[in-house]
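Everything on this sheet refers to the single structure shown next.
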Amino acid sequence: MAQQREQAADDALSTRIGQLVMLHHAGDREEARDRLLGLWSELGEDGDPLHRCTLAHYLARTHTDPSDELAWDLRALSAADSCAEPRSPALRALYPSLHLSLAGDYVKLTRPGAARSHLSRARAAAAELGGAADHGHAVGVRAALTRLEGEVAGMPGVPGLPGEDGDPGEGGGGHGRPGGEPLGPPRSGS
């Protein structure tokens, strides 16, 4: 009985998140962001990591400042990494998108080394999605990977600085995770 109540609560939260994502896709970015932030507060730091990951991932898309977008995408990755069941199918399906989003954030912030690192991690995670050409999510992820890889390949490097392109996250000069982002999620509310 308790497990059924927990499942119903999970389903209700997933439905609420989906409704707010549709609101954002309909063009009401600010309202979607405000409501998603409300859900984020409601869920709290001890909430289900998969829900925190999903919320943070969608919250990132509601921001126009690349630094804010990066902060929310890092929160999403941190939540995913904290899952007790990291091999769940739902979580495995999220990792390619999480790394693609982070790569895109780093492109916007002109950090090609960090972008390349996350593209590599996205490609590895996408390999776990399987090879079914008719699986829409896998096809979309692979197309986005190819597109973003082309964009990163065209980014100029900065020779002579730490890392291959001046990004301390490559070449061992950075701290934290691959890509140079700090360990753990940012704590400021964006």
Side-chain angles (χ1 to χ4, degrees), residues 1-26 29 31-63 68-106 117-132 135-142 144-145 148 176-179 181-190:
M1 186 64 125
Q3 188 176 19
Q4 288 175 336
R5 278 192 298 257
E6 186 177 310
Q7 183 62 44
D10 283 351
D11 291 346
L13 184 57
S14 294
T15 298
R16 290 169 67 194
I17 293 169
Q19 290 169 338
L20 297 177
V21 169
M22 289 183 347
L23 180 66
H24 176 235
H25 288 203
R29 178 184 294 241
E31 183 67 22
R33 180 176 48 236
D34 290 345
R35 289 186 188 188
L36 286 166
L37 284 169
L39 279 180
W40 179 262
S41 295
E42 184 180 315
L43 190 57
E45 293 230 359
D46 296 325
D48 177 73
L50 186 58
H51 286 132
R52 286 188 0 253
C53 174
T54 303
L55 265 171
H57 188 51
Y58 286 122
L59 266 162
R61 306 288 72 78
T62 67
H63 288 276
D68 291 338
E69 201 172 338
L70 173 63
W72 281 106
D73 280 329
L74 288 172
R75 285 181 184 101
L77 182 61
S78 180
D81 287 345
S82 76
C83 272
E85 297 179 42
R87 289 288 166 210
S88 75
L91 192 58
R92 277 198 326 265
L94 277 174
Y95 270 105
S97 295
L98 294 174
H99 288 296
L100 270 171
S101 292
L102 283 161
D105 297 341
Y106 286 121
S117 175
H118 281 283
L119 280 172
S120 175
R121 293 170 77 185
R123 177 133 337 258
E128 292 188 34
L129 292 177
H135 188 265
H137 178 67
V139 170
V141 164
R142 288 185 181 98
L145 265 166
L148 198 53
R177 295 184 176 165
E181 68 267 20
L183 291 172
R187 296 292 180 208
S188 64
S190 291

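- Atom CG of Leu20 is separated from atom OG1 of Thr62 by 10.5 Å, given to the nearest 0.5 angstrom.
- Remark: Arg35 pairs with Glu31 by the salt bridge (charged side-chain N to carboxylate O under 4.0 Å, His left out) rule, at least two apart or across chains.
- Tested against Leu59 for a side-chain contact (heavy atoms from CB on, under 4.5 Å), the candidates Asp73, Asp68, Leu37 yield a single pass: Leu37.
- Here the CG-NE2 distance, from Leu70 to His63, works out to 11.5 Å after rounding to the nearest 0.5 Å.
- Taking Arg16 as the reference, Glu42 meet the salt bridge (charged side-chain N to carboxylate O under 4.0 Å, His left out) condition, with sequence neighbours excluded.
- The CG atom of Leu98 lies 11.0 Å from the OG atom of Ser78; values are rounded to the nearest 0.5 Å.
- Ring geometry for His118 against Tyr106 counts as parallel: the plane angle stays under 30°, on a 0 to 90° scale with 60° as the upper cut.
- With sequence neighbours left out, Ala79 forms a side chain to side chain contact (heavy atoms under 4.5 Å, CB included) with Arg52, Cys53.
- Considering only heavy atoms from C-beta on, Leu55 stays 4.5 Å or farther from Trp72 through its side chain.
- Taking the side chain to side chain contact (heavy atoms under 4.5 Å, CB included) definition, one finds that Ser120 meets it with nothing, sequence neighbours left out.
- Looking only at distances, no side-chain donor or acceptor of Tyr58 sits under 3.5 Å from a matching main-chain atom of Ala32.
- Atom CG in Leu91 sits 6.0 Å away from atom CG in Leu50 (nearest 0.5 Å).
- Taking CG of Leu39 as the reference point, atom OG1 of Thr54 lies at 11.5 Å (rounded to 0.5 Å).
- For residues 95-106, every residue pair satisfying the salt bridge (charged side-chain N to carboxylate O under 4.0 Å, His left out) rule, not counting sequence neighbours, is listed here: Arg61-Asp105.
- Put simply, CH2 on Trp40 and NE2 on His51 are 12.5 Å apart, with the number rounded to the nearest 0.5 Å.
- Evaluation of the side chain to side chain contact (heavy atoms under 4.5 Å, CB included) rule for Ala122 yields His99, Leu100, Leu145 as partners, not counting sequence neighbours.
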